[in-house]
J.: 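I have a structure here, written as structure tokens, and I will follow up with some questions on it.
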Amino acid sequence: VLIDPAEIESALAAVLPVIPDKDPVNASIAATLFFVCRWAGDQGVKRILAGQGADELFAGYSRYLHTATLAEDMERDFLALPRQLSRDQAVAGLFGAYFSLPYMDCRVVRAARAIPAEMLIVDGVRKRPLREVAACHLPESIAWQEKKAMQYGSGVMREIERLAARRGHKKDLGRYLQQIIG
């Protein structure tokens with residue numbers, strides 16, 4: 001989905017009323033999802049497959065590279081997933097769609113949690129077991145490629161920062177979001 005930067009502020013206005021946490025990170029993720037869900041709705045797609053849970057189950061966050069408490073950090077993040085899922089489902093609901101989450105299947109969760117934390121990051125490579133499986137089915141260049149969070153890779157967060165600065169909130173994205181909420 002190509003995102004028109006001119007539409008980001010209206011996407012924020014649509015998602016902010018429905019998401020539980022209205023901070024810059026959650027708002028930028030929700031705004032990015034808005035465009036995916038809108039496209040799905042336009043295509044008549046009701047069920048959207050998403051990768052939620054992979055980072056929490058397979059040690060995908062870059063901050064996991066620098067922690068002495070990897071297993072505890074992953075558990076904390078896993079327990080926070082329902083709030084994220086609430087955000088994502090609320091955005092999908094704007095378009096009559098919903099997210100289906102294969103990584104959250106109880107069999108996947110059970111298998112992932114059985115892998116010792118120290119085997120999830122090897123030689124600085126996060127989500128190592130997941131990438132090894134992916135390499136069996138995808139070109140290695142895709143399986144081993146570094147990923148960016150959607151709000152950064154899409155440029156949505158950068159555009160939100162630009163919009164906030166233009167409205168006089170360069171240092172406080174939260175105030176900019178409050179201005180949109182009204």
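Both backbone and side-chain heavy atoms feed into the values below; hydrogens, waters and symmetry mates do not.
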J.: Less than 4.0 angstrom from a charged side-chain N to a carboxylate O is my criterion; do E7 and R38 meet it?
T.: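 Yes, charged N to carboxylate O under 4.0 Å.
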J.: Less than 4.0 angstrom from a charged side-chain N to a carboxylate O is my criterion; do E159 and R162 meet it?
T.: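 Looking at E159 and R162, the cut-off is met.
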J.: Flag yes if more than 12 heavy atoms outside R175 fall under 6.0 Å of its CZ atom; otherwise flag no.
T.: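 Open: at most 12 neighbouring heavy atoms sit under 6.0 Å from CZ of R175.
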J.: Test Y64 against D55 for side chain to side chain contact (heavy atoms under 4.5 Å, CB included), laying out the working first.
T.: CA-CA 10 Å; Y64 292 156; D55 288 321; 5.6 Å; no
J.: Indicate the ring-plane relationship of F95 and F34, choosing parallel, tilted or perpendicular according to the 30° and 60° boundaries.
T.: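 Perpendicular: the ring planes of F95 and F34 meet at over 60°.
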J.: Give the intermediate values and the outcome of side chain to side chain contact (heavy atoms under 4.5 Å, CB included) for residues W144 and V125.
T.: CA-CA 8 Å; W144 297 98; V125 176; 3.7 Å; yes
J.: Taking all non-hydrogen atoms of both residues, which atom of Y152 and which atom of R158 are closest, and how far apart?
T.: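 Taking every non-hydrogen atom into account, O-NH2, 4.3 Å.
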J.: Is the number of heavy atoms from other residues, nucleotides or ligands within 6.0 Å of NZ (K147) greater than 12?
T.: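 Count over threshold, so yes.
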J.: Hey, any chance L57 and I121 share a hydrophobic cluster, counting ILVMFWY side chains that come within less than 4.5 Å of each other, even indirectly?
T.: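 Hydrophobic grouping puts L57 with I121.
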J.: How long is the gap from CD on Q52 to CG on L81, to the nearest 0.5 Å?
T.: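 CG of L81 is found 6.0 Å from CD of Q52.
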J.: Take a 6.0 Å sphere around CZ of R107 and say whether it holds more than 12 heavy atoms from other residues, nucleotides or ligands.
T.: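 Check fails, neighbour count at 12 or below.
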J.: Indicate yes or no for a side-chain donor-acceptor contact from R131 to the backbone of A143 under 3.5 Å, with no hydrogens or angles considered.
T.: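 Checking the backbone N and O of A143 against the side chain of R131, a donor-acceptor pair under 3.5 Å is found.
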J.: Just checking F78: does its CZ atom have more than 12 heavy atoms from other residues, nucleotides or ligands closer to it than 6.0 angstrom?
T.: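 For F78, atom CZ is crowded (more than 12 foreign heavy atoms under 6.0 Å).
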J.: About how many Å separate CG of N26 and OG of S86, when rounded to the nearest 0.5 Å?
T.: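 Taking OG in S86 and CG in N26, the distance rounds to 10.0 Å.
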J.: Charged N to carboxylate O below 4.0 Å: is that the case for E132 and R128?
T.: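 Counted as a salt bridge, because a side-chain N and a carboxylate O are separated by less than 4.0 Å.
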